[in-house]
Student: 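I'd like to ask some things about the structure below.
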Amino acid sequence: MSLTIVILAAGQGTRMKSARPKVIHELAGKPMLQHVVDCSRELDPGQIIVVTGHAAGQVHAAMQGQELMYVEQAEQLGTGHALAQCLDTIEPGNDVLVLFGDVPLIQAETLAQIINAADDAAVRILSFIPENPFGYGRVVRQADESVCAIVEHKDANPEQLDIGECFSGIMSIRGDRLQQLVTALDNHNVQGEYYLTDVVDIAVSNGDRVAAILCADPGEVSGINNQQQLAAVEALYRTRQADALMAQGAKIFDPARIDVRGEIKLGRDVQIDVNCVFEGTISLGDNVRIGANCVIRNTSIGADSVIMPMTSIDEAVIGNGVSIGPFARIRPGTECDDQVKIGNFVETKQARIGKGSKVSHLSYIGDTEMGSAVNIGAGTITCNYDGANKHKTVIGDGVFVGSDTQLVAPVTVESNATIGAGSTITKDAPANRLTVSRAKQVTIDSWSKPVKQPKET
Ligand code: UD1
Ligand code: CA
């Protein structure tokens with residue numbers, strides 16, 4: 001017998017005021033439901049069932065390519081009704097852990113506490129004490145402190161509204177009690193819904209025990225019902241990620257102004273200035289410094305490299321001792337060898353840039369193979385596109401390209417060649433020679449400055 005995890009994700013999320021179902025709204029760059037699924041997988045359960053209903057097609061599309069079992073809740077008649085739809089799919093006898101698609105920060109270690117608790121409880125709930133209990137179900141205890149019910153906010157009397165301990169939405173139900181508890185639910189309440197929370201009351205009436213495990217960090221079980229709560233949870237997530245980086249020794253200039261939407265592998269003495277966004281898989285070597293307002297995605301940056309402010313780097317491999325920016329745009333397929341310098345207003349794409357080469361100002365380097373110790377003058381453009389196809393530019397070691405040059409691909413500039421400034425190079429330039437393609441400079445002696453005509457009155 002193993003564990004079945006059921007994730008409830010069929011609701012519309014009316015309070016989000018959105019055409020998209022709530023559970024696919026993104027938190028740190030991925031659907032909130034994805035966070036719950038990822039956490040579930042860490043527990044290695046026998047089954048993961050996702051209950052979908054409202055705009056199910058959109059939810060399935062957002063979760064595409066993953067092995068998930070879906071159960072449809074055609075009409076959203078409440079959280080208890082959602083679980084009831086799964087009774088035929090859950091492997092008989094399995095213990096069930098119910099998670100909510102709108103409680104995305106939950107951690108596997110916390111769930112393990114519920115699953116592995118050594119008690120005879122038929123139902124275990126994860127409770128918490130939020131700063132503001134508005135909207136949450138309240139955990140009602142008897143005189144002997146044992147849990148006897150969860151009362152929804154809308155159904156609670158003033159005395160119950162004063163209870164600080166709330167239901168997180170996370171509950172485990174013992175396999176041998178599941179059928180009996182779920183089929184006993186009714187919808188006799190203010191919202192006319194089948195509440196999952198009523199299994200507590202029913203279990204207790206049957207003479208069973210219900211255990212509440214208090215979640216130490218209330219942030220971890222914050223529910224998201226509206227845009228304000230989504231932003232608040234995003235802020236919690238941000239802080240958590242910044243804390244993790246600092247715990248590994250990174251200097252974060254302001255932990256409230258960094259967004260890590262993925263994983264960062266970190267060397268020693270890394271410094272990250274304000275307002276940087278990291279997405280996907282990132283690796284930052286020893287002593288890497290990232291300036292303010294950089295966006296870095298799926299990239300590795302070698303030791304001692306400096307990324308100056310306002311730089312965007314996407315799917316690139318950056319070597320050691322490299323300097324990039326400010327205001328550089330490094331696009332997918334860029335590979336910079338050690339000691340490369342990419343300056344301001346430079347765009348690169350599918351470009352291999354050899355050791356120590358410099359592209360210092362205002363250039364576009366695309367579909368290019370560049371050797372080492374090359375100097376590319378300001379305003380140089382590799383013209384890689386003929387309107388139909390892309391072509392390659394090859395630049396040998398030690399080449400010097402004068403400013404404002406166009407290299408019309410396919411073209412090769414052989415090693416140690418020099419290109420005169422202002423050239424349009426359409427044919428291969430030989431090694432060790434000066435190649436220039438501009439017209440000779442002339443001065444027109446007969447020319448005179450135009451004179452402004454007086455206005456006719
Ligand atoms: C629920 C709990 C409340 C708890 C809070 C924690 C119930 C009755 N109430 O309230 O005690 O404190 O979560 O955040 O359970 N869903 C379905 N089908 C439905 C209705 C909802 O799949 O018919 C899904 C939603 O998509 C959502 C989750 O269940 O992911 C919770 O639903 P929601 O309506 O947000 O419940 P709350 O009012 O927040
Ligand atoms: Ca909710």
Side-chain angles (χ1 to χ4, degrees), residues 5-16 18 20-25 27 31-37 40 49-56 58-59 62-63 70-86 98-106 123 125-130 132-140 147 149-156 160-161 163-171 173 181-182 185-202 212 215 218-230 232-233:
I5 293 184
V6 176
I7 305 173
L8 305 190
Q12 177 180 359
T14 324
R15 291 164 280 183
M16 293 298 280
S18 165
R20 295 159 64 221
K22 173 168 68 177
V23 294
I24 65 167
H25 279 251
L27 167 69
M32 56 176 104
L33 174 59
Q34 185 71 59
H35 289 262
V36 183
V37 167
S40 301
I49 300 172
V50 180
V51 184
T52 54
H54 176 79
Q58 284 187 57
V59 179
M63 305 299 286
Y70 290 106
V71 162
E72 196 195 354
Q73 184 193 21
E75 263 189 295
Q76 289 78 58
L77 303 178
T79 49
H81 180 260
L83 179 58
Q85 309 312 299
C86 304
V98 181
L99 305 178
F100 284 5
D102 67 347
V103 181
L105 293 190
I106 187 67
V123 174
I125 61 169
L126 183 67
S127 68
F128 70 122
I129 301 175
N132 176 7
F134 185 90
Y136 290 114
R138 307 300 203 279
V139 177
V140 184
V147 175
I150 297 172
V151 179
E152 286 307 292
H153 186 105
K154 287 184 176 154
D155 297 275
Q160 291 165 333
L161 285 176
I163 298 173
E165 186 180 9
C166 294
F167 175 51
S168 67
I170 289 155
M171 171 186 290
I173 304 176
L181 290 173
V182 172
L185 293 172
D186 64 39
N187 62 353
H188 305 150
N189 52 57
V190 170
Q191 301 190 81
E193 286 183 2
Y194 294 85
Y195 291 162
L196 171 68
T197 44
D198 284 346
V199 300
V200 170
D201 175 22
I202 297 167
C215 184
E220 190 182 325
V221 287
S222 293
I224 297 174
N225 295 323
N226 55 38
Q227 297 285 357
Q228 288 90 331
Q229 287 170 333
L230 175 56
V233 168

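Atoms within a ligand are numbered from 1 in the order they appear, just like the ligands themselves.
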Student: For the backbone of C86 and the side chain of Q73, can you confirm whether one donor and one acceptor N or O come within less than 3.5 Å of each other?
Tutor: no
Student: Give a yes or no answer on whether the side chain of R20 reaches the backbone of Q58 with a donor-acceptor pair at less than 3.5 Å.
Tutor: no
Student: Please state which option from G78, A9, A82 has its nearest heavy atom closest to atom 20 (C) of ligand 1.
Tutor: G78
Student: From I24 CD1 over to M32 CE, what is the distance, rounded to the nearest 0.5 angstrom?
Tutor: 9.5 Å
Student: Identify the residue among I224, N225, L230 that makes a side chain to side chain contact (heavy atoms under 4.5 Å, CB included) with Q227.
Tutor: L230
Student: Hey, which protein N/O/S atoms does the Ca ion (ligand 2) have under 3.0 Å?
Tutor: D102 OD2, N225 OD1
Student: Can you list the ligand 1 atoms lying under 4.0 Å from a non-hydrogen atom of Y195?
Tutor: 8 (C)
Student: Please compare T79, N225, V221 and report which has the shortest non-hydrogen distance to atom 39 (O) of ligand 1.
Tutor: N225
Student: Measure the distance from atom 4 (C) of ligand 1 to every protein heavy atom, then report the residue, atom name and distance (to 0.1 Å) of the closest one.
Tutor: F167 O, 3.3 Å
Student: Quick check on contacts: which atoms of ligand 1 are under 4.0 angstrom from a heavy atom of S168?
Tutor: 6 (C), 14 (O)
Student: Number the atoms of ligand 1 from 1 as they appear, then name those within less than 4.0 Å of a heavy atom of T197, with their elements.
Tutor: 7 (C), 8 (C), 11 (O), 15 (O)
Student: May I ask you to identify the nearest protein heavy atom to atom 26 (O) of ligand 1, giving residue, atom name and distance to one decimal place in Å?
Tutor: G11 N, 2.9 Å
Student: Return the residue, atom name and 0.1 Å-rounded distance of the protein heavy atom closest to atom 34 (O) of ligand 1.
Tutor: R15 NH2, 3.9 Å
Student: Within the 4.5 Å heavy-atom criterion, are L99 and I5 side-chain neighbours or not?
Tutor: yes
Student: Please classify the Q73 to ligand 1 contact at 4.0 Å (heavy-atom distances, strictly less than): side chain, backbone, both or neither.
Tutor: side chain
Student: Taking atom CD of E152 and atom CD of Q191, what is their separation to the nearest 0.5 Å?
Tutor: 6.5 Å
Student: Distance below 4.0 Å between atom 22 (O) of ligand 1 and any protein heavy atom?
Tutor: yes
Student: Is the closest side-chain heavy-atom distance between F100 and T79 below 4.5 Å?
Tutor: yes
Student: Considering heavy atoms of the protein only, find what lies nearest to atom 14 (O) of ligand 1 and give residue, atom and distance to 0.1 Å.
Tutor: Y136 CE2, 3.6 Å
Student: What I want to know is whether V23 and ligand 1 share at least one N or O pair that is separated by under 3.5 angstrom.
Tutor: no
Student: How far is atom 30 (O) of ligand 1 from its nearest protein heavy atom, and which residue and atom name does that atom have?
Tutor: L8 O, 3.0 Å
Student: If the contact criterion is a heavy-atom separation under 4.0 Å, does K22 count as touching ligand 1?
Tutor: yes
Student: Checking contacts here: is it the side chain or the backbone of L77 that comes within 4.0 Å of ligand 1, counting heavy atoms only? Could be both or neither.
Tutor: backbone
Student: Which protein heavy atom lies closest to atom 35 (O) of ligand 1, and at what distance to 0.1 Å?
Tutor: D102 OD2, 3.0 Å
Student: Students should be able to answer this: which protein heavy-atom is nearest to atom 13 (O) of ligand 1, and at what distance?
Tutor: F100 CE2, 3.1 Å
Student: Let me know which of Y136, F134, Y195 forms a ring-ring contact (aromatic ring centres under 6.0 Å, His included) with H153.
Tutor: F134
Student: May I ask you to decide if the ring planes of Y194 and H81 are parallel, tilted or perpendicular, using 30° and 60° as cut-offs?
Tutor: tilted
Student: What distance do C215 atom SG and I125 atom CD1 have between them, rounded to the nearest 0.5 Å?
Tutor: 12.0 Å
Student: Nearest 0.5 Å, what's the CG-CG distance between L33 and L8?
Tutor: 10.5 Å
Student: Is E152 in contact with ligand 1, taking contact as a heavy-atom separation below 4.0 Å?
Tutor: yes
Student: Using a strict 4.0 Å cut-off to heavy atoms of G137, name the atoms of ligand 1 that fall inside it.
Tutor: 3 (C), 4 (C), 11 (O), 12 (O)
Student: Has C166 got any heavy atom lying under 4.0 angstrom from an atom of ligand 1?
Tutor: no
Student: For S222 and V233, indicate whether the former's side chain and the latter's backbone hold a donor-acceptor pair under 3.5 Å.
Tutor: no
Student: Answer yes or no: is there a side-chain heavy-atom contact under 4.5 Å between L77 and E193?
Tutor: no
Student: Measure the shortest side-chain to side-chain distance between V200 and V140 over non-hydrogen atoms and say whether it is less than 4.5 angstrom.
Tutor: no
Student: Looking at side-chain heavy atoms only, is the closest gap between L185 and I202 below 4.5 Å?
Tutor: yes
Student: State, yes or no, whether a side-chain contact exists between V23 and V36 at a heavy-atom distance under 4.5 Å.
Tutor: no
Student: Could you say whether the N/O atoms of A10 and ligand 1 ever approach to under 3.5 Å?
Tutor: yes
